[in-house]
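One structure is given here, and the rest of the page talks about it.
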Amino acid sequence: MELSKNFEHQASEEKWYSYWNERKYFNSTPDEREPYTIVIPPPNVTGVLHMGHCLNNTIQDVLVRRARMQGKNACWVPGTDHASIATEAKVVQMLREKGIQKASLSRDEFLGYAWEWKEKYGGIILQQLKKMGCSLDWDRTSFTMDPDYYQSVINVFVDLYNKGYLYRGKRMINWDVKAKTALSDEEVIRKETQQKLYHLRYKIDGLDEHIIIATVRPETIMGDTAICVHPKDERYAHLHGKFAFVPLINRRIPIITDDYVTMDFGTGALKVTPAHDMNDYQLGQKHNLEVVDIFNEDGTLNADAQILIGEDRFEARKKIIPMLEEAGSLVKTEDYTSEVGYSERTDVVVEPRLSLQWWVDMKKIAGPALDVVMNDDVKFYPAKFKNLYRHWMENIKDWCISRQLWWGHRIPAWYDAEGNYVVAVSHEEALKQYETKFGKSIAQLSQDEDCLDTWFSSWLWPFEVFKGYSNPGNADVQYYYPTNTLVTAPEIIFFWVARMIMAGMEYQKEIPFKEVYFTGIVRDKQGRKMSKSLGNSPDLLELIDKYGADACRFGILISSPAGNDLLWDESSNEQGRNFNNKLWNALKLVKMWEARTTDNSQQTTAESSFAVEWFGNRLNEAKAEIDQLFKEFRLSEALKTIYSLIWDDFCSWYLEWVKPGFEQPIDAEVYAKTVAYFEELMQLLHPFMPFITEEIYHALKERAAGDDLTIKQYAALETADAAVLHLATQLKEVITALRDVRVKNQIKSKDPIKLSIETADVDSYKRIALILQKQVNAESVDYVTAAVAGTISTVVQKDKFYIATEQAIDTSSQKEQLLKDLDYLKGFLNSVEKKLGNERFVQNAKPEVVEVERKKKADAEAKIKAIEESLASL
RNA sequence: GGAAGCAUAGCUCAGUUGGUUCAGAGCAUCUGCCUUACAAGCAGAGGGUCCGCGGUUCGAGCCCGUGUGCUUCCA
């Protein structure tokens, strides 16, 4: 087979992904093996792949592929969530393009369009995951609005209501005036915003005096129901208990005191608008203030405002300033910057608003979810996130689950004309309950118009993808649940992790996953979070096209330290592509030897036997390291270890050591070993870079049907021979030192040298001499017991090397180097001797530590002796 | 205003109960090489007051205190 110059990733990716899929390698059904399960954190159905997904899903694929190769029954469940707000926004936009107003449609008509949109455009992201090589069980693809799933969400709502965990309450919420929906705190983005601080004068009742307040929202003064000052503020002490008049509308409001007020901010006097500010609302509750709501749900002013009725809130702000000025109420205006909340979805300024919503009483359900994390039943990687989790759980706030949207799970609450309600899974059931509850029958109840927060469905994900709630105790859920690992971003810790644990404990009486691995956040080179609005997020599909999926997977993982944010740069993909190239060239080299194997090449056997012995041991050593790194979720380090094992140990050392001379044959056994090592390396690398490794695996040898790397099982770990590893390290050190001598003395690599070695351990050198000779291009190697005159000398560890060459010798550079080494060693020896001379050290330190120091001393002395002798012979 | 995290080479980061030659890796840089697998490469090299200060200890990059700087989360 003729190999192409470079690895051709496009063709390979298409070929292997469909090959694996056709053979159902990614599909899982329960059997007697140990399961390894990951449920994908369901991406938004409107989503497209970005770098965050790339990181997150590469990690999941690495874990799943490795588990599959370790003999576990690996199952990775794909799917999407319905993303109420985002999807509804997309559908509304699509309708607008068609010239259709959402308001002109019935709920059913709208949902018809929404499903049409979902079928056509939704879930693109799942197709994109295939491009990345993700080994998901596609037969298990789930969606949070699948019929069974939908019903489960409704049933859970009814169940929680019946348990008394839900309530309906008027509460201050974040209101999106554009989407006309409530937002959770997490959906509000705070941004530094340039504003103006207006100082306004309020007339005091019964005194010829004013009080001046400072506000950034002058359009809300019509909702003012008090002015608040600090009780210890001397400036206002005489006004306690008095009343003031709101400018323009002359409402009479009390002046109250509360130490909530910051005395040195603004004027120290705060206008209190309970209907339109979170803190004011709490203040209002505490002081029993009237609540005057002056806004409609779209952010325009209503009749209670008395003036500027029908104006938008920001228009009203512009218009009220001249009115206040004219009334003599505006004292001054100053620039002011503060954080303002914006809707994550529509980017409009969030309006605090009082609204009747459904809530989950989190204190009733959260308890067990804190314990299982704190006692490590659910292990967090990195563990530092336990703190964050505990803090949030201990200060948990109730969860507003209503959304004023149509796309989603419609709240199963049913109302009569007076607003009496029952909660039931169906209209029919609701009518029955109504009769029982209110003692009268009714023909018609109307269902709540709102739907549920998307998270209220995705918190069931870890078990409901196996129908663990809709079909309790079925074979799948028994086998796969609890799942093994959840891989997610730390910003999701409250949305998913905490609530999934709560739902798991509530409905399966078991944790949903044993481990949670938090990835970092992908940032650009300048440390900015990647986002659509900044435009600093690269198009992943283009990157895959350009560099290949393997290179992209490599690029994102190599720059991803465990649990820390990563500054991603396209150059890391280049490193991945270069690595592909390296692998491909190694393949080309090995394939070149294939036709030239021979059974009786004594030369290559003798030369290569140490190389073959060493690499087998090196492989065992590395496998143990990699195993440990995986246990600690240090995937980036594991990849680095494999990268260096392949590039440095295999390509730079091993292949060079066993490489036959130009057009020379290679021993068949050495060749077979080399292919076997190459295979093992591909197997180690496969979870990270599945395509090229499968390609090379098949290119190395003809394979029987079903002999594919994706499902090839890892061999058991074997221990490495430390003595062999040590000798190889010594060999590498000597080769490097001698090459350095060549560079420093400008001896061309083509020019042969004669090498003499002065060592106490000739036997060891005899094992590696042939390799050494080849690697430093020495025409002869011999062993001496004294300095050889007229040579260049160098010292490695305790051994001395004499290099004879045709060339004239300039001893100055080697002298310089030897003196430098000597200087360092003497300093080192000095510090060791000082330590050993310190009685307290010898008494207090552990005996083995003292012993190590003694050995250091002896080693240093031996080296110093060798260098001094070398210097003397110059 | 409350809380947490981070600070090690030009850049991004490792450094696992304080003790092997501990001051490391990758990338970048410099020097020399088109050596029949690979210039997307090979060989070699240079580069750091481990943020400042103080403490604990025989011994601190690591532990404690403090200052400074940066980041994030929550008000």
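Convention: sequence-line order gives letters A, B, ...; per-chain numbering from 1. Since the structure is predicted, the reported quantities are computational estimates derived from the model, not experimental observations.
- Pairing for B/rG2 goes to B/rC73, judged as Watson-Crick or G-U wobble with the two contacts each under 3.5 Å.
- For A/E656 and B/rA37, a side-chain-to-base donor-acceptor distance below 3.5 Å is present, hydrogens and geometry of angles not being considered.
- Nucleotides B/rG44 and B/rG61 place their P atoms 31 Å apart, quoted to the nearest Å.
- Distance A/I642 CD1 to B/rA25 P: 20 Å, rounded to the nearest Å.
- Comparing the C1' positions of B/rU16 and B/rG52 gives a spacing of 28 Å, expressed to the nearest Å.
- Which of B/rC38, B/rU16, B/rG19 sits closest to the side chain of A/E632 comes down to B/rU16.
- Nearest heavy-atom pair across A/M362 and A/D398 is N-OD1, 3.1 Å.
- Comparing atom distances between the A/Q575 side chain and each of B/rA37, B/rC27, B/rA14 picks out B/rC27 as nearest.
- Protein atom NE2 of A/H391 is 18 Å distant from nucleotide atom P of B/rU72, rounded to whole Å.
- Going from atom CZ of A/F494 over to atom C1' of B/rA3 covers 11 Å, rounded to whole Å.
- For the OP1/OP2 pair of B/rC13 and a distance below 4.0 Å, the side-chain nitrogens and oxygens of A/K640 include no atom meeting the criterion.
- Annotation: of the two residues near RNA chain B, A/W653 and A/N578, the 5′-most nearest-nucleotide partner is A/N578.
- The same atom, C1', is picked in B/rU72 and in B/rU57; the two are 35 Å apart, to the nearest Å.
- Base-pair partner of B/rC42: B/rG32 (Watson-Crick or G-U wobble, both distances under 3.5 Å).
- Straight-line distance between the C1' atoms of B/rU66 and B/rC13: roughly 27 Å, to the nearest whole Å.
- For A/K397, a side-chain nitrogen or oxygen approaches OP1 or OP2 of B/rA75 to under 4.0 Å.
- Residue contacts shown for A/D740 are limited to sugar-phosphate atoms, with no base heavy atom under 4.0 Å away.
- Taking the side chain of A/K744 as heavy atoms from C-beta on, and the options B/rC58, B/rG26, B/rA45, the nearest nucleotide is B/rA45.
- The pairing partner recorded for B/rA7 is B/rU68, the criterion being a Watson-Crick or G-U wobble arrangement whose two distances lie under 3.5 angstrom.
- To the nearest angstrom, C1' of B/rG15 lies 13 Å from CG of A/L629.
- Residues A/R739 and A/Q775 bring a donor and an acceptor atom of their side chains to less than 3.5 Å of each other.
- The base-pairing partner of B/rG48, taking Watson-Crick or G-U wobble contacts with both distances under 3.5 Å, does not exist among the strands shown.
- Taking the C1' atoms as reference points, B/rA75 lies 25 Å from B/rU68, given to the whole Å.
- In this structure, A/T736 reaches the sugar-phosphate backbone alone: every heavy-atom distance under 4.0 Å involves primed, P, OP1 or OP2 atoms, never a base.
- Under the Watson-Crick and G-U wobble criteria, each requiring two contacts below 3.5 Å, nucleotide B/rU16 is left unpaired.
- Note on A/Q746: nothing from the nucleic acid sits closer than 4.0 angstrom, heavy atoms only.
- Ring geometry, A/Y677 versus A/Y654: the interplanar angle exceeds 60°, so the pair is classed perpendicular (tilted spans 30 to 60°).
- For the pair A/I696 CD1 and B/rA37 P, the computed distance is 17 Å after rounding to whole Å.
- Among B/rA14, B/rC38, B/rG26, the nucleotide with an atom closest to any side-chain atom of A/R634 is B/rA14.
- Taking the six-membered ring for Trp, A/W392 and A/F494 have ring centres closer than 6.0 Å.
- Annotation: of the two residues near RNA chain B, A/K750 and A/N6, the 5′-most nearest-nucleotide partner is A/K750.
- With hydrogens and angles disregarded, no donor-acceptor distance shorter than 3.5 Å links the side chain of A/K379 to the backbone of A/V373.
- Atom-to-atom, CG of A/N745 to C1' of B/rA43 comes out at 15 Å; the value is rounded to the nearest Å.
- B/rC22: no Watson-Crick or G-U partner with both key distances under 3.5 Å is found in any strand.
- Shown here for A/P660 and A/P665, the closest heavy-atom pair between the two residues is CB-O, 3.4 Å.
- Rounded to whole Å, the separation between the C1' atoms of B/rG46 and B/rG10 comes to 13 Å.
- Between A/F691 and A/A549 the shortest heavy-atom distance is CE1-CB, 3.7 Å.
- A ring-centre distance under 6.0 Å is found for A/F385 and A/F518.
- Base engagement by A/K863 is indicated by at least one non-hydrogen atom pair under 4.0 Å involving a base atom.
- Within the 4.0 angstrom heavy-atom criterion, only backbone atoms of the sugar-phosphate kind lie near A/W647; the bases stay farther away.
- The phosphate of B/rG44 (OP1 or OP2) has a side-chain N or O of A/R739 nearer than 4.0 angstrom.
- Taking atom CD1 on A/I747 and atom C1' on B/rG44, their separation rounds to 14 Å, with Å as the unit.
- Within 4.0 Å (heavy atoms only), A/K659 reaches at least one base atom of the nucleic acid.
- Taking the P atoms as reference points, B/rC70 lies 30 Å from B/rA28, given to the whole Å.
- Distance from the side chain of A/F841 is smallest to B/rG19 among B/rA43, B/rA40, B/rG19.
- At least one side-chain nitrogen or oxygen of A/Y643 sits closer than 4.0 Å to the OP1 or OP2 atom of B/rC27.
- Using atom C1' as the reference point in both B/rA14 and B/rA9, the two lie 13 Å apart (nearest Å).
- Separating the CG atom of A/N585 from the C1' atom of B/rA37 is a distance of 5 Å, rounded to the nearest angstrom.
- The partner of B/rU57 cannot be assigned: no Watson-Crick or G-U wobble pair with both contacts below 3.5 Å exists in any strand.
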